[in-house]
2 protein chains.
Amino acid sequence: MPASTSAPADPHRHDAKPRRRVGRPAAAVLDQDGITLAALQLIGKSGYDGFTMAALARTLNVAPSALYNHVSSKRDVLVLVQDHLTSFVDVSAFDAEPWDRAVRSWAWSYRDVFSKHTPLIPVIAVLPVTDAPKTLAMYEAVSAGFSRAGFPQERIISAIVALESFIFGSAYDVTAPADIFDSGSMAESTPNFTAAVARLADQGHENQADVAFELGLEALIAGFGALRG
Amino acid sequence: MPASTSAPADPHRHDAKPRRRVGRPAAAVLDQDGITLAALQLIGKSGYDGFTMAALARTLNVAPSALYNHVSSKRDVLVLVQDHLTSFVDVSAFDAEPWDRAVRSWAWSYRDVFSKHTPLIPVIAVLPVTDAPKTLAMYEAVSAGFSRAGFPQERIISAIVALESFIFGSAYDVTAPADIFDSGSMAESTPNFTAAVARLADQGHENQADVAFELGLEALIAGFGALRG
DNA sequence: CCACTAAATGAATGCCGTTCATTTAGAATT
DNA sequence: AATTCTAAATGAACGGCATTCATTTAGTGG
């Protein structure tokens, strides 16, 4: 039975003695960290389409079935990758800057990390925090920042969830084709929409996803900021 | 070459004569509408895991390969389903109610429709509007409402995109397990987060996803409402 | 009646994630 | 040093998947 994707040190029995290893421990070719890093590298090189268990095994010079001694499914690997990526999200501003600036830098960083990994979003969005320790650590840092800023306790989680939802949705936008709003031959039947698209284009912003993200994020920050005690 | 998922009536040549049908038109067993409805029904009964091209063909009493005369890929079927579902999103309030109330009812309805179809979100989020006429119609209704409410033209699209991003992200939350924030054995190392989760639970809301959605939506409505001229 | 062709079939392809019986090799115990 | 134990590797196999393609079928326009 392979270790599931939970805490790395697994007490699991009540006494806290250092785990006694039996069997053949030392020269293992594979472990969860190695798998995670190889997966991340493979995804970087081949994308999520090229990310298969067989391909992952190949980069590790191992048979595909060997992976299943350390991981219980492909989804499990994705969870490991997700949690690893979350450690790249910058929460440092919550220690050093006022609340609104901290939220801003956290949100932009969070969106940027996962806009390159949108296939993970359906996984993260419904993942129990117990299965992702680094993600939990991020939540702790953010919660602490909200708390310190005088946010009412009972609304902290809801506010974070709302921000996160906006961030995940916005991560998809980054990957959308530039002409996603070109109404083409149906322009005559959609005058208001077509006009609005044209007016946005007039502004000549290189990156429309950033404009929408900033607009929404500032509204959320302003709205939530008003809740602080 | 099967018709791609674009406008149902395909001019494609400059003269507007009614398309001349040749060959064997009348008694076709299959068409895009029939495929769409059968797909929606199958998804309702078997979920997205049970939704395979083979299963879809079976419900239509047809060989799997026959589908490819009307649809170019499984993704294509998903696009058809997505566009069909979008016609269930309620935009009627934009004709009858003040802007903020209209946005509210549209957003809740939009979230509710797709919270039952989250696997479509990665498809919708990056789909050119040309490939989804009913979705385009929704955008037109919403754009018209924003315009009528005195919203600055050049910001209408960005505001809609931001709202949509929040809606998509929030649709995932609806499907998340209830104990998603239970930090389990790591509670001691995450005191702020754990306390905030407990305080939210104290409130005893049956549905935490709704609370977060409302909080975020109201912030966005308030923030965007201030932009109106 | 003929020619044409859209739309159906059914077999085949290549890939996928995953399972399982089996082997291997090093540590722990004696 | 020999024996025992077992985590971790292998490789073959499985069922299922989306998709392709040569072929057949059956109406329609000429």
Side-chain angles (χ1 to χ4, degrees), chain A residues 1-5 8 10 12 17-35 38-39 42-43 46-81 119 122-123, chain B residues 1-5 8 10 12 17-35 38-39 42-43 46-81 119 122-123:
Chain A
M1 199 176 302
S4 98
T5 311
D10 187 353
H12 196 249
K17 276 193 194 162
R19 207 86 179 90
R20 189 115 81 80
R21 302 292 277 101
V22 290
R24 186 194 149 279
V29 182
L30 243 39
D31 61 14
Q32 287 202 346
D33 282 353
I35 290 174
L42 175 58
I43 288 164
S46 313
Y48 281 87
D49 283 349
F51 174 60
T52 68
M53 294 300 270
L56 178 57
R58 205 175 313 122
T59 71
L60 288 161
N61 290 313
V62 134
S65 53
L67 297 169
Y68 288 86
N69 287 319
H70 304 271
V71 132
S72 68
S73 66
K74 182 179 184 179
R75 192 194 123 97
D76 233 65
V77 179
L78 292 176
V79 169
L80 290 169
V81 170
V123 176
Chain B
M1 199 177 303
S4 98
T5 309
D10 188 349
H12 194 247
K17 275 193 196 163
R19 208 83 178 95
R20 190 115 81 81
R21 302 289 275 101
V22 288
R24 186 193 149 280
V29 182
L30 243 40
D31 62 14
Q32 286 203 345
D33 282 353
I35 290 174
L42 175 59
I43 289 164
S46 313
Y48 281 88
D49 284 349
F51 174 60
T52 67
M53 293 301 271
L56 178 57
R58 205 173 314 122
T59 72
L60 288 160
N61 290 312
V62 133
S65 53
L67 297 169
Y68 289 87
N69 286 320
H70 304 270
V71 132
S72 68
S73 67
K74 182 178 183 178
R75 194 195 121 97
D76 233 67
V77 179
L78 292 176
V79 168
L80 290 170
V81 170
V123 175

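Just so we're on the same page: letters track the sequence lines, and every chain starts at 1.
In this structure, B/Q32 contributes its side chain and B/H70 its backbone to a donor-acceptor pair below 3.5 Å.
The CZ atom of A/F51 sits 18 Å away from the P atom of C/dC15 (whole-angstrom rounding). Taking atom CE on B/M53 and atom P on D/dG15, their separation rounds to 24 Å, with Å as the unit. Taking atom CD1 of B/I35 as the reference point, atom P of D/dA18 lies 14 Å away to the nearest angstrom. Straight-line distance from the OH atom of A/Y68 to the P atom of C/dC16: 12 Å, rounded to whole Å. Between the P atom of D/dC17 and the NZ atom of A/K74 lies a distance of 16 Å, rounded to the nearest Å. The distance between atom CG of B/D49 and atom P of D/dC17, rounded to the nearest whole Å, is 10 Å. One can place CZ of B/R58 at 11 Å from P of D/dA18, the figure rounded to the nearest angstrom. Atom CG in A/L78 sits about 12 Å away from atom C1' in C/dG17, given to the nearest Å.
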- Could you go through the side chain to side chain contact (heavy atoms under 4.5 Å, CB included) check for B/L60 and B/L67 one step at a time? CA-CA 10 Å; B/L60 288 160; B/L67 297 169; 4.0 Å; yes
Pull out every protein N or O sitting under 3.5 Å from an N or O of nucleotides 9-12 of chain C, one pair per line with the distance.
residue, atom, partner, partner atom, Å
C/dT9, OP2, B/A63, N, 2.5
C/dG10, N7, B/S65, OG, 3.2
C/dG10, O6, B/S65, OG, 2.5

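Not counting sequence neighbours, the partners of A/S46 by the side chain to side chain contact (heavy atoms under 4.5 Å, CB included) test are A/L42. Here A/R58 pairs with A/A54, A/A55 under the side chain to side chain contact (heavy atoms under 4.5 Å, CB included) rule; sequence neighbours left out. Taking the side chain to side chain contact (heavy atoms under 4.5 Å, CB included) definition, one finds that A/A66 meets it with A/L30, A/V62, sequence neighbours left out.
With a 4.5 Å cut-off on side-chain heavy atoms, B/L56 and B/K74 do not count as touching.
Side-chain N/O atoms of A/H70 include one lying less than 4.0 angstrom from OP1 or OP2 on D/dA9.
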